[in-house]
K.L.:
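Pasting in a structure now, in structure tokens, and then I'll have a few things to ask.
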Amino acid sequence: MGKYELLSAIKPNLDNDEADKVVTKIEETVQNLGGNVIDTEKMGRKKSAYDVQGYRDSYFVVQKMNLPEDKVVDFKRQLRLNENILRTIFTKVKKA
């Protein structure tokens, strides 16, 4: 089981309830793959440095999670299939 951190940029045209549903869907995906979400930090709507798929700003969320290392590829695939997620940064947290 590895420790990971996910930064997601969600479409800004969604209202807060719909954005929360996207975050909940990510958490459910992690649980279905045998992991768990440790912490979720909703950063809110922020302006991007450049346009991403035609959007100038996004709703940003940072999630820390534990996930089996053999399920990472499946998890990344599920993130790409979600139409409401514009961009993600998925990193493994190194031990200090």
K.L.:
Between L86 and S48, is there a side-chain heavy-atom distance shorter than 4.5 Å?
P.N.:
no
K.L.:
Under the ring-ring contact (aromatic ring centres under 6.0 Å, His included) rule, collect the residues that match up with Y55, sequence neighbours excluded.
P.N.:
none
K.L.:
Would you compute the distance between atom OG of S8 and atom CD1 of I89 and round it to the nearest 0.5 angstrom?
P.N.:
9.5 Å
K.L.:
Applying side chain to side chain donor-acceptor pair (under 3.5 Å), name anything that partners E18, two or more places apart in sequence or on another chain.
P.N.:
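Expected list: none.
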K.L.:
Check side chain to side chain contact (heavy atoms under 4.5 Å, CB included) between V93 and all other residues, then give those that pass, not counting sequence neighbours.
P.N.:
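Once residues adjacent in sequence are excluded, the partners of V93 under the side chain to side chain contact (heavy atoms under 4.5 Å, CB included) criterion are K3, E5.
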K.L.:
Only pairs under 3.5 Å count here: list side-chain donor-acceptor contacts from residues 20-44, not counting sequence neighbours, and write none if there are none.
P.N.:
| from | atom 1 | to | atom 2 | distance (Å) |
| --- | --- | --- | --- | --- |
| D20 | OD1 | K42 | NZ | 2.9 |
| T24 | OG1 | D20 | O | 2.9 |
| E27 | OE2 | T40 | OG1 | 3.1 |
| T29 | OG1 | K25 | O | 2.8 |
| N32 | ND2 | E28 | O | 3.3 |
| N36 | OD1 | N66 | ND2 | 3.4 |

K.L.:
Quick one: ring pair (Phe, Tyr, Trp, His ring centres under 6.0 Å) pairs with a partner in residues 68-88, sequence neighbours left out?
P.N.:
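Qualifying pairs: F75-F90.
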K.L.:
How long is the gap from OG on S58 to NZ on K46, to the nearest 0.5 Å?
P.N.:
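The distance works out to 12.0 Å.
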K.L.:
Among Ile, Leu, Val, Met, Phe, Trp and Tyr joined by side-chain contacts under 4.5 Å, find the other residues sharing a cluster with L81 and list them by chain and number.
P.N.:
none
K.L.:
Mind checking salt bridge (charged side-chain N to carboxylate O under 4.0 Å, His left out) for K92 and listing every partner two or more places apart, or none if nothing turns up?
P.N.:
E69
K.L.:
For D51, check salt bridge (charged side-chain N to carboxylate O under 4.0 Å, His left out) against everything at least two apart and list the hits.
P.N.:
R56
K.L.:
Determine, using the 4.5 Å side-chain heavy-atom cutoff (strictly less than), whether V52 and I10 are members of one ILVMFWY cluster.
P.N.:
no
K.L.:
Using side chain to side chain donor-acceptor pair (under 3.5 Å) as the criterion, list what pairs up with Q53, not counting sequence neighbours.
P.N.:
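Applying side chain to side chain donor-acceptor pair (under 3.5 Å) to Q53 gives none.
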K.L.:
Taking only residues two or more places apart in sequence or in another chain, which ones pass ring-ring contact (aromatic ring centres under 6.0 Å, His included) with F60?
P.N.:
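ring-ring contact (aromatic ring centres under 6.0 Å, His included) list for F60, sorted by chain: empty.
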K.L.:
Determine which pairs satisfy ring pair (Phe, Tyr, Trp, His ring centres under 6.0 Å) with at least one residue from residues 8-44, sequence neighbours left out, and list them in order.
P.N.:
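Not a single pair qualifies under ring pair (Phe, Tyr, Trp, His ring centres under 6.0 Å).
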K.L.:
May I ask you to say whether K47 pairs ionically with D57, meaning some side-chain N is under 4.0 Å from a carboxylate O?
P.N.:
no
K.L.:
Give me each pair satisfying side-chain hydrogen bond (donor to acceptor under 3.5 Å, both in side chains) with a member in residues 78-91, each pair once, sequence neighbours excluded.
P.N.:
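Those involving residues 78-91 are Y50-R87.
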K.L.:
Do K76 and V73 have side-chain heavy atoms sitting under 4.5 Å apart?
P.N.:
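K76 vs V73: side chains apart.
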